Structures are given as C-alpha cells and as structure tokens.
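In what follows, a single structure is set out as structure tokens and then discussed.
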Amino acid sequence: MNLQDGVNLSEGLIVTLFSMGIVFLTLIIISFILGGFKAIFYKDDSKKTSVQKETPPIGDNAIVEDTEEIVDNDEEIVAVIAAAIAAHTGSRVENINIKNIRRIQQTSPIWMKAGRERAVYNKISKMK
C-alpha cells in the first residue's frame with residue numbers, strides 16, 4: 001500500500017486534527033489524574049502557619065508557652081536558652097520561667113541559615 005496514491009489533502013487534515021484531539025484529550029486526563037494525586041497526597045503546611053498565635057514580646061519574668069515538642073529534660077539546653085533570654089532582655093536568669101521548648105520549622109533556605117550562622121560567629125569572634 002502506497003500512501004501517496006490514495007490520500008488527498010483533506011483526508012490528511014482530518015487525520016491530523018483527529019490525532020491532535022487524541023493528544024489533547026490524553027493530556028487533559030493526565031492533568032486530572034495529577035490533580036487528584038495532589039488532593040490525596042499533598043498536605044499544605046501553610047494553613048498551619050496561619051493559625052499560629054503571635055509570640056508576645058519577651059520581658060522580665062518571661063514565660064515561653066505554646067510549645068509543640070518538649071526537649072527531653074535536657075537541663076543544659078534549658079540553661080543555655082535561659083541564659084540567652086536573660087542576656088537579651090537584661091534580666092536575671094532566676095526571673096525567667098521556661099515551661100516548654102519547641103523546635104521551629106526551618107522555612108529559610110540552607111544558604112540563608114549558613115549566612116546567619118557565619119554572621120553570628122564573626123560577631124562572637126570580634127567580641128573575644
């Protein structure tokens with residue numbers, strides 16, 4: 001069978017349009033399937049952050065509340081955090097009451113975190 005003998009322009013155009021229709025229909029079906037996967041498996045974390053309460057300013061007799069994760073009674077970490085709050089607020093460590101400690105989700109990119117750590121390290125090294 002030779003295609004050049006029996007196919008004219010209008011038949012070729014019909015085959016082309018039909019093929020394009022099949023391709024677009026397939027793409028639409030794949031789009032719906034992927035949308036269904038997103039609805040089933042994707043959990044949106046931005047809704048959780050919008051519900052969180054605002055943190056009150058830390059002053060004397062500061063109480064850290066609204067915690068999610070409790071550090072395993074590691075007194076050393078609590079002492080360091082209490083000392084940092086005392087140094088920042090200028091109050092005594094005895095006046096600070098820490099009830100719970102929670103880890104904050106990492107929202108910034110790793111390169112930003114590395115830059116911040118380098119800036120703090122440089123500031124600390126200049127103080128010595």
Side-chain angles (χ1 to χ4, degrees):
M1 178 177 186
N2 191 358
L3 293 177
Q4 294 177 352
D5 293 337
V7 178
N8 60 14
L9 183 61
S10 63
E11 291 175 348
L13 190 59
I14 290 172
V15 170
T16 301
L17 291 176
F18 183 73
S19 300
M20 289 176 64
I22 290 174
V23 168
F24 281 115
L25 184 66
T26 305
L27 290 175
I28 290 171
I29 290 171
I30 290 173
S31 173
F32 281 123
I33 290 171
L34 292 177
F37 283 162
K38 182 180 177 184
I40 292 171
F41 298 114
Y42 181 70
K43 294 178 182 176
D44 191 13
D45 291 336
S46 64
K47 292 178 183 176
K48 289 181 183 177
T49 58
S50 64
V51 178
Q52 292 179 348
K53 297 177 183 177
E54 291 185 20
T55 305
I58 296 174
D60 288 342
N61 296 325
I63 298 172
V64 179
E65 294 183 7
D66 298 331
T67 61
E68 184 175 288
E69 179 181 326
I70 299 173
V71 177
D72 299 327
N73 293 330
D74 193 352
E75 294 178 5
E76 194 170 298
I77 292 175
V78 174
V80 169
I81 292 173
I85 293 172
H88 180 72
T89 59
S91 63
R92 300 177 53 101
V93 176
E94 295 83 19
N95 295 334
I96 297 172
N97 184 14
I98 298 176
K99 291 184 176 179
N100 295 318
I101 300 171
R102 73 176 166 142
R103 184 176 302 271
I104 297 174
Q105 294 288 335
Q106 180 70 31
T107 56
S108 59
I110 191 71
W111 58 267
M112 186 181 291
K113 182 180 174 186
R116 262 191 251 134
E117 289 176 354
R118 180 178 293 165
V120 169
Y121 177 74
N122 288 339
K123 189 172 183 179
I124 290 173
S125 64
K126 287 180 182 176
M127 293 172 65
K128 292 180 180 177

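Residue numbers run from 1 in the order of the sequence given. A quick note: this is a predicted structure, and the numbers were derived from the prediction, not measured.
Under the side-chain hydrogen bond (donor to acceptor under 3.5 Å, both in side chains) criterion, S19 pairs with no residue, sequence neighbours left out.
With rounding to the nearest 0.5 angstrom, the CD1 atom of I85 is 4.5 Å from the CD1 atom of I98. In this structure, CD1 on I33 lies 6.5 Å from CD1 on I30, to the nearest 0.5 angstrom. For the atom pair OH (Y121) and NZ (K126), the distance works out to 12.5 Å, reported to the nearest 0.5 Å. Distance OG/S91 to NE2/H88: 10.0 Å, rounded to 0.5 Å.
When hydrophobic side chains of Ile, Leu, Val, Met, Phe, Trp and Tyr are connected at separations under 4.5 Å, F32 ends up clustered with I28.
Grouping the Ile, Leu, Val, Met, Phe, Trp and Tyr side chains by contacts below 4.5 angstrom, directly or via other members, places V23 apart from F18. Follow the hydrophobic side-chain contacts under 4.5 Å out from I77 and you never reach V80; the two are in separate clusters. At a threshold of 4.5 Å between side-chain heavy atoms, the hydrophobic network of Ile, Leu, Val, Met, Phe, Trp and Tyr places V93 and V78 in two separate groups. Follow the hydrophobic side-chain contacts under 4.5 Å out from L17 and you never reach F24; the two are in separate clusters.
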_Applying side chain to side chain contact (heavy atoms under 4.5 Å, CB included) to V120 and E117, what does each step give before you reach the verdict?_
CA-CA 5 Å; V120 169; E117 289 176 354; 5.8 Å; no
*Would T16 and M20 count as a side chain to side chain contact (heavy atoms under 4.5 Å, CB included) if you check the C-alpha gap in whole Å, the side-chain angles of each, and the deciding distance to 0.1 Å?*
CA-CA 6 Å; T16 301; M20 289 176 64; 4.1 Å; yes
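Applying the 6.0 Å contact sphere to CG of L9 captures no more than 12 heavy atoms from other residues, nucleotides or ligands.
The minimum heavy-atom distance linking S108 with R116 is given by the pair OG-NH2, 3.2 Å.
When side chains are defined from C-beta on, E11 does not count as touching I14, because their heavy atoms never get closer than 4.5 Å.
Within the 3.5 Å criterion, the main-chain N or O of L27 finds no donor-acceptor partner in the side chain of S31.
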